Amino acid sequence: MTAALLSVQGLEVRYGPIEAVKGISLALRAGEITALVGANGAGKSTTLMALSGLVPKAAGQVLFDGQDIGQLAPHRIVRTGVVQVAEGRATLTTLTVRENLELGAYTRRDSAAERANDLDRVFTMFPRLQERASGLAGNLSGGEQQMLAIGRALMARPRVLLLDEPSMGLAPIVVQEIFRTLRDINAQGLTILLVEQNVRQALKIAHRGYVLETGHIVLEGSGRELLDEPRVQQAYLGV
Ligand SMILES: Nc1ncnc2c1ncn2[C@@H]1O[C@H](COP(=O)(O)OP(=O)(O)O)[C@@H](O)[C@H]1O
Ligand SMILES: [Mg+2]
C-alpha cells in the first residue's frame, strides 16, 4: 500500500453557528486520484478551502509529506506544493492566456528559464491554450477557461492538486475532456483531490473516494467499490 502524502485528521470547520465540516479524516495516497463526492451543501468546498488555508479550522490536523501545514498561511501552503485550482470563472478575463499562466508561478522563487520551461509543458498539454496564448482569457470557452485554471495551478509546481467541481457548468463532452486531462496529469505522477457533484464521472477516474454528507464522511472505498455501493447508486447515481 502506498503511504499517504496528505492526510487530514478530525477536521472541523464552522461558519458562526453552522458546523459545515464535523470532524472528518481523509488520506490522499501519493500518485492517486482521491474523489470527495457529495450533494450540494455537504461541506466539500469548505474542506478544500480548509486544506488551502482559506477558512479557519475549528479543529483538526493537516499533514503533508510529514509536515504539519495546518497553521500555515495560504501562500505558504501553495509553496509547500498543495495547490488548489481556481474556479474556472476566476480566470483573469482582461489578461491574456499567457499572462494568466505566468501568474500561476507567482509563489515560486526559481529562475525565469524554469518557468518558461514549465509554460512550454503546459502548452504541450493544452495545445488550445497555446493557440490562444496572446488572446484575452475572457474570450475562451468555459472548457478552455477550466483548462486555463488547471494550467495556471500546474505553473505553481504542485505536488498535490485540489480541484473543486471542475465539471460544473460544462457540456458533457467537455466534461469528458477535463476528466481525461486529469487522468493524464495523474498518470504523470501528480496526486489529485477531486471534489465533485458529478459522482459517477469522479468515481470512475478515482483510485479512492469518500462520500460526504452534511459534514460527515459516510462511506469510503475504491472508486469501483463506491460505484457498486447500493447507497451511492440510490443517492447519487439515480440507479
Ligand atoms: N461563507 C459561509 N457562511 C455561512 N455558511 C456557509 C458559508 N459557506 C458555506 N456555508 C454552509 O456550509 C455548508 C457546507 O457548504 P459547502 O462547503 O459550500 O458545501 P459543498 O461544497 O459540498 O456544496 C452549507 O450548509 C453551506 O450553506
Ligand atoms: Mg462546493
Side-chain angles (χ1 to χ4, degrees), residues 15 40 44-56 72-182 184-186 188 190 192-198 201-202:
Y15 299 106
N40 192 27
K44 304 180 300 297
S45 295
T46 300
T47 301
L48 278 197
M49 287 192 287
L51 291 179
S52 298
L54 299 171
V55 294
L72 298 182
H75 71 281
R76 305 259 328 270
I77 293 176
V78 171
R79 212 177 276 150
T80 67
V82 177
V83 179
Q84 183 166 351
V85 173
E87 278 180 42
R89 281 167 198 79
T91 50
L92 299 163
T93 53
T94 60
L95 297 184
T96 67
V97 167
R98 185 192 308 276
E99 286 164 343
N100 267 277
L101 290 171
E102 284 166 348
L103 273 178
Y106 82 102
T107 56
R108 288 169 51 180
R109 291 165 162 167
D110 49 7
S111 68
E114 293 228 21
R115 291 195 294 273
N117 193 39
D118 285 0
L119 188 62
D120 279 346
R121 285 182 42 202
V122 169
F123 281 149
T124 303
M125 180 170 285
F126 301 109
R128 270 184 296 161
L129 295 184
Q130 182 156 35
E131 287 161 25
R132 289 159 175 72
S134 306
L136 294 183
N139 292 337
L140 298 179
S141 70
E144 289 163 351
Q145 290 203 12
Q146 186 57 253
M147 288 182 185
L148 177 57
I150 293 170
R152 189 168 56 173
L154 293 177
M155 290 297 291
R157 289 229 173 147
R159 294 178 61 205
V160 176
L161 198 63
L162 312 177
L163 295 108
D164 195 354
E165 302 204 32
S167 77
M168 178 137 64
L170 300 178
I173 190 160
V174 182
V175 171
Q176 295 291 340
E177 204 179 340
I178 298 286
F179 280 83
R180 205 176 318 121
T181 300
L182 293 179
D184 289 348
I185 294 171
N186 169 253
Q188 293 175 26
L190 190 59
I192 292 176
L193 177 58
L194 173 62
V195 159
E196 267 295 344
Q197 279 189 62
N198 189 332
Q201 296 296 336

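In this text, all values refer to a predicted model and were calculated from it rather than measured experimentally.
Separation of atoms CG (N100) and OG1 (T93) is listed at 8.5 Å; rounding is to 0.5 Å. Taking OG1 of T124 as the reference point, atom CG of L119 lies at 9.5 Å (rounded to 0.5 Å). Summarising the geometry, atom CZ belonging to F123 is positioned 11.0 Å from atom CD belonging to E131; distances are rounded to the nearest 0.5 Å. With values rounded to the nearest 0.5 angstrom, R132 atom CZ is found 11.0 Å from M147 atom CE.
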Take T47 and V195 through the test side chain to side chain contact (heavy atoms under 4.5 Å, CB included) and record every step on the way to the result. CA-CA 9 Å; T47 301; V195 159; over 6 Å; no

Should Q146 and V174 be marked as a side chain to side chain contact (heavy atoms under 4.5 Å, CB included) after you check the CA-CA gap, both sets of side-chain angles, and the distance that decides it? CA-CA 10 Å; Q146 186 57 253; V174 182; over 6 Å; no

Dump the intermediate steps for side chain to side chain contact (heavy atoms under 4.5 Å, CB included) on I150 and I185, then the final yes or no. CA-CA 10 Å; I150 293 170; I185 294 171; 3.7 Å; yes

Between L154 and D118, does the side chain to side chain contact (heavy atoms under 4.5 Å, CB included) criterion hold? Intermediate values first, please. CA-CA 8 Å; L154 293 177; D118 285 0; over 6 Å; no

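Between S52 and L162 there is a side-chain heavy-atom pair separated by less than 4.5 Å. The shortest side-chain heavy-atom distance between I178 and S167 does not fall under the 4.5 Å cut-off. Contact of the P158 side chain with the Q84 side chain is not registered, since no non-hydrogen atoms from C-beta on lie closer than 4.5 Å.
Nearest heavy-atom pair across Q145 and A137 is NE2-O, 3.2 Å.
Checking side-chain atoms of Q201 against main-chain N and O of Q176 turns up no donor-acceptor pair under 3.5 Å. Although no hydrogens or angles enter the test, the distance criterion places no donor-acceptor pair under 3.5 Å between the side chain of Q197 and the main chain of E165.
Listed by first and then second residue, the side-chain hydrogen bond (donor to acceptor under 3.5 Å, both in side chains) pairs that reach into residues 134-143 are S141-E144, sequence neighbours excluded.
Residues satisfying the side chain to side chain contact (heavy atoms under 4.5 Å, CB included) criterion with D110, sequence neighbours excluded, are R108, E114, R115, R157.
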Please tabulate, for side-chain N and O atoms in residues 74-82, each donor-acceptor pair with protein atoms closer than 3.5 Å (sequence neighbours left out).
| from | atom 1 | to | atom 2 | distance (Å) |
| --- | --- | --- | --- | --- |
| R79 | NE | T107 | O | 3.3 |
| T80 | OG1 | I77 | O | 2.6 |

